[in-house]
Peer 1: 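Below is the structure I would like to discuss, written out as structure tokens.
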Amino acid sequence: MSFRQALESDKFLVTAEIGPGKGTDTGVLLEDASILKDRVDAINVTDMQSSVMRLGSLAVCHLLTDMGIDPVLQVTCRDRNRLALQADLLSAWVLGIRNVLALTGDHPTLGDHPQAKPVFDLDSVSLLEVIGKLNGGADMVGNELKGATDFLPGAVVNPGADTEAALDLQIIKMEKKMEAGARFFQTQAIYDLDLFAKFMRRVEGYKTKILGGVILLKSAGMARFMNKNVAGVFVPEYLIKEMTETKDKAKTSIEIAARLVKGMKDLCQGVHIMAIGWEKRVPHVLDEAEL
Amino acid sequence: MIIATQKDLAEIKHMIAPYKKVLIVGCGMCMTFCSAGGPDEVARLAENLATDREGLTVEKGMIPRQCSDKFIDRLEEKIQDYEAILSMACGNGVQAVARRFPDKRVLPALNTQFIGIEQEPGVWTEMCMACGDCILGRTAGVCPVTRCAKGLLNGPCGGSQEGKCEVSKDRPCAWQEIYHGLKRLGLLDYLRGETQIKGWAVHPGRVIREELKAKEG
């Protein structure tokens with residue numbers, strides 16, 4: 001079943017994520033993808049995550065389609081202007097890529113080429129509109145295409161935005177993304193299901209599918225780091241304690257992730273698991289969550 | 001106003017190294033107001049350079065504006081005695097002087113930063129990119145093109161933390177400022193509606209007003 005078919009069914013959706021590395025060695029990356037293959041509805045491929053120069057998302061997505069995996073091409077507006085974005089989208093389509101996640105992208109100052117000129121010619125909302133135009137057979141200025149695309153467009157939302165203003169802005173922007181054509185949302189990592197439930201109540205009735213984000217906690221240190229440095233991610237103290245006191249970090253990490261996935265079954269329409277190097281453990285999480 | 005900062009003294013010394021007679025010229029407009037190239041800064045730079053090496057003559061000069069030929073003309077006689085002009089104007093002023101005196105060496109003593117304001121003594125903030133298509137009426141007087149690090153037009157990215165921008169904790173998230181401004185005015189609906197896509201003006205920019213041209217002719 002393709003990701004689109006899964007999305008259009010009543011199935012609880014499961015997506016995972018892989019991040020291309022720095023270089024041309026795809027060994028571990030594709031091994032991780034093959035481990036995830038039969039357990040997920042789609043695999044996202046990140047687009048130079050954290051603004052660090054890496055192997056490109058487009059090429060890796062193409063390799064995944066060759067393996068019979070339905071990839072989600074993550075596209076950020078950080079590095080390409082409107083011409084390059086549209087050209088890459090057309091390229092993705094002819095290479096067999098069918099799902100796109102439209103993102104603004106981190107600022108280059110956060111990555112390993114901080115002197116780079118940021119582009120941000122479009123943003124996530126306008127990129128979604130452009131995808132809609134390409135699907136309709138024209139480029140963003142209305143020139144007719146010889147051969148259209150038919151992408152399934154998605155976007156992200158951060159339910160854990162840390163101030164009232166930030167959360168209001170997230171929701172207003174989410175509505176704009178839906179109007180611009182987003183058919184599904186993958187969220188930033190969630191560790192507090194009560195907070196997530198509160199967010200889900202605010203977006204109740206929205207005609208879209210929401211996949212709650214799950215990041216595997218590798219250690220208490222990682223949790224503290226995210227609390228301090230990652231916008232909108234809040235790991236409650238009791239989870240940090242659990243990770244501190246455990247003798248088997250991997251086992252506890254899987255248990256915590258599985259609890260979160262189980263909890264999300266009643267809250268939203270799917271989960272998006274970001275294992276960040278622990279991709280091989282994702283099947284254990286899904287087993288434990290009975291998915 | 002235009003905000004600039006003085007170049008490192010070492011860089012300035014390196015630039016003027018080939019010359020024995022240098023005229024430092026300050027600017028009475030923005031550079032005076034942003035304390036980068038006014039009379040005080042001209043005097044200080046002249047003092048710092050004068051003792052640098054033997055045989056170097058440094059003279060001070062000041063004109064009300066370096067971006068207007070009307071004032072640049074006042075330099076005409078004086079500069080004949082100097083090999084180089086060290087301009088303490090913004091990049092615009094340096095170019096205007098260089099254009100007016102194509103046979104003279106005109107050197108920049110400042111690094112021009114941006115169009116901005118003095119937020120508090122010693123702190124300047126960029127406010128306008130002169131993008132040619134002002135949307136401040138929709139954004140409660142806060143320019144996201146300039147003050148959002150990503151120049152986003154349809155709302156914030158997900159990177160702000162505690163109301164601060166993802167590029168630096170000492171910068172407010174422009175979109176949160178826009179949000180608070182619009183909320184105060186009861187205009188939050190301005191955040192909704194049509195997707196905004198920026199049209200970029202062609203650079204180098206040019207403004208032509210036929211009615212004014214005609215008047216001159």
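Letters A, B, ... are given to chains in the order of the sequence lines, protein chains preceding strands, and every chain is numbered from 1.
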Peer 1: Using non-hydrogen atoms only, which part of Thr163(A) is less than 4.5 Å away from chain B: side chain, backbone, both, or neither?
Peer 2: side chain
Peer 1: Is Tyr190(B) atom OH crowded by more than 12 heavy atoms from other residues, nucleotides or ligands, each under 6.0 Å away?
Peer 2: no
Peer 1: Using side chain to side chain contact (heavy atoms under 4.5 Å, CB included), reason through Arg82(A) and Trp200(B) one step at a time and then give a plain yes or no.
Peer 2: CA-CA 12 Å; Arg82(A) 60 193 76 184; Trp200(B) 291 101; 3.8 Å; yes
Peer 1: Does any heavy atom of chain B fall under 4.5 Å from the side chain of Arg78(A), the backbone, both, or neither of them?
Peer 2: neither
Peer 1: Measure across Ala231(A) and Ser160(B) and return the closest heavy-atom pair with its distance rounded to 0.1 Å.
Peer 2: CB-O, 3.4 Å
Peer 1: Let's test your reading of the structure: which of Asp162(A), Val156(A), Asp121(A), Leu169(A) forms the most heavy-atom pairs below 4.5 Å with chain B?
Peer 2: Leu169(A)
Peer 1: So which part of Ile197(B) gets closer than 4.5 Å to some heavy atom of chain A, the side chain, the backbone, both or neither?
Peer 2: side chain
Peer 1: If I measure from the heavy atoms of chain B, does Ala165(A) come under 4.5 Å with its side chain, its backbone, both, or neither?
Peer 2: both
Peer 1: Identify which part of Val157(A) has an atom lying under 4.5 Å from any heavy atom of chain B, answering side chain, backbone, both or neither.
Peer 2: neither
Peer 1: Provide the closest heavy-atom pair for Lys176(A) versus Thr195(B) in the form atom of the first, atom of the second, distance.
Peer 2: NZ-CA, 4.0 Å
Peer 1: Give the minimum heavy-atom separation between Cys157(B) and Thr104(A), together with the two atoms involved.
Peer 2: CB-CG2, 4.3 Å
Peer 1: Counting only non-hydrogen atoms closer than 4.5 Å, does Gln188(A) touch chain B with its backbone (N, CA, C, O), its side chain (CB onward), both, or neither?
Peer 2: neither
